[in-house]
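Taking it in order: structure first as structure tokens, then the write-up.
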Amino acid sequence: PEGPPRREKADAEEARRREKVDREAGKEKDKIEKEVQREREKLETAAGKERERVEKEGAKEREKVEKDAAKEKDKEEKEVLRKAAAIEREKKNEKDKAVRAAEREKGNEERKKKRAEEAAAAQLAKAEESLSGQWLHGVHPRVPDATQDPPAAGAQALLL
């Protein structure tokens, strides 16, 4: 015969057992929550590190692209400068060529003038010789003095 004291005792024992199970369940729940929190923090840390790694990689790639673009731009600028220098050299060569041609032409003109002067001097000498020969034979009496006769003066003027 179970009476009220035994029932109360069983109820009290059941309540203690439930409290113990609840405490253990609470401890287990806290333990699981802490483990979940640790895992979450690990994942967040790993995700943060991965994000940083990807950002660094992206920055390196952007720097490489910018550097390549700068190199390409420098290369293009050098090519433009090289072409401009080539054009300048070509212009200078053309100018030098024109100057040499003008100097050559001037030299040719001077040689022609010299030949003409030599021919005139030869003609003058021939004329003087001819006149001297005539004077010696009395054909053309000449007074020896400092004045020149008209044909010689004309030839001499050509030399000037």
Side-chain angles (χ1 to χ4, degrees), residues 16-135 140 142-160:
R16 276 194 302 270
R17 190 182 61 74
R18 270 195 222 136
E19 283 176 13
K20 185 179 177 185
V21 167
D22 285 347
R23 273 195 312 269
E24 286 176 6
K27 284 181 185 178
E28 189 63 29
K29 182 181 173 190
D30 287 346
K31 185 178 173 184
I32 290 171
E33 284 177 356
K34 284 181 183 178
E35 184 64 30
V36 167
Q37 183 63 30
R38 274 194 297 265
E39 283 298 316
R40 182 179 296 127
E41 288 172 358
K42 273 188 194 176
L43 290 174
E44 287 173 355
T45 301
K49 286 181 180 178
E50 180 64 16
R51 190 170 35 255
E52 286 177 13
R53 185 190 68 78
V54 168
E55 287 174 0
K56 283 181 183 177
E57 197 174 285
K60 283 182 182 178
E61 188 62 31
R62 279 190 301 278
E63 282 180 25
K64 184 178 184 273
V65 167
E66 289 171 0
K67 192 175 181 181
D68 290 348
K71 279 183 182 178
E72 188 63 30
K73 183 179 177 188
D74 287 347
K75 187 177 176 182
E76 288 172 0
E77 287 175 356
K78 284 180 182 178
E79 181 65 18
V80 167
L81 291 175
R82 186 190 65 74
K83 285 182 180 178
I87 290 170
E88 281 299 313
R89 278 193 306 276
E90 190 175 315
K91 284 181 181 177
K92 184 182 180 294
N93 289 343
E94 289 294 323
K95 184 179 176 185
D96 290 348
K97 198 175 188 182
V99 166
R100 285 192 303 272
E103 288 173 350
R104 200 170 35 250
E105 187 63 31
K106 182 179 174 187
N108 288 344
E109 290 296 322
E110 287 175 358
R111 281 191 291 282
K112 282 182 186 176
K113 183 178 175 184
K114 187 176 179 184
R115 278 190 227 118
E117 288 173 354
E118 288 172 353
Q123 222 176 10
L124 175 64
K126 192 174 181 184
E128 284 179 351
E129 186 180 310
S130 172
L131 287 176
S132 297
Q134 288 178 2
W135 179 68
H140 187 281
R142 181 172 164 168
V143 179
D145 66 317
T147 61
Q148 294 182 346
D149 52 42
Q156 190 64 30
L158 288 176
L159 292 175
L160 299 177

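- Rounding to the nearest 0.5 Å gives a distance of 13.5 Å between NZ of Lys78 and NZ of Lys73.
- Distance check: Lys113 NZ to Glu110 CD gives 8.0 Å after rounding to the nearest 0.5 Å.
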*In sequence, state the C-alpha distance, the side-chain angles, and the governing distance for Glu88 and Lys91, and then conclude on side-chain contact (heavy atoms from CB on, under 4.5 Å).*
CA-CA 5 Å; Glu88 281 299 313; Lys91 284 181 181 177; 4.3 Å; yes

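- The side-chain heavy atoms of Asp68 and Glu72, taken from C-beta on, include no pair separated by under 4.5 Å.
- Under the 4.0 Å criterion applied to side-chain N and carboxylate O atoms, Glu79 and Arg82 are assigned as salt-bridge partners.
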*With salt bridge (Lys or Arg N to Asp or Glu O under 4.0 Å) as the test, would you mind laying out the steps for Arg38 and Glu41 before giving the verdict?*
CA-CA 5 Å; Arg38 274 194 297 265; Glu41 288 172 358; over 6 Å; no

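- Taking the side chain to side chain donor-acceptor pair (under 3.5 Å) definition, one finds that Asp96 meets it with Lys92, sequence neighbours left out.
- Rounding to the nearest 0.5 Å places CD of Glu128 at 13.5 Å from NZ of Lys126.
- Arg62 and Glu55 get closest at one heavy-atom pair: NH2-O, 4.4 Å.
- Salt bridge Glu50/Arg53: present, at least one basic N to carboxylate O contact under 4.0 Å.
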*Residue pair Gln37, Lys34: steps toward the side-chain contact (heavy atoms from CB on, under 4.5 Å) verdict*: CA-CA 5 Å; Gln37 183 63 30; Lys34 284 181 183 178; 5.5 Å; no

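- Here Lys49 does not pair with Glu52 in a salt bridge; the nearest charged N to carboxylate O distance is not below 4.0 Å.
- Just one residue in the list Glu24, Arg17, Arg16 forms a side-chain contact (heavy atoms from CB on, under 4.5 Å) with Lys20, and that residue is Glu24.
- Within the model, atoms CG of Leu81 and CD of Glu77 stand 7.0 Å from one another, a figure rounded to the nearest 0.5 Å.
- The CD1 atom of Ile87 lies 8.5 Å from the NZ atom of Lys83; values are rounded to the nearest 0.5 Å.
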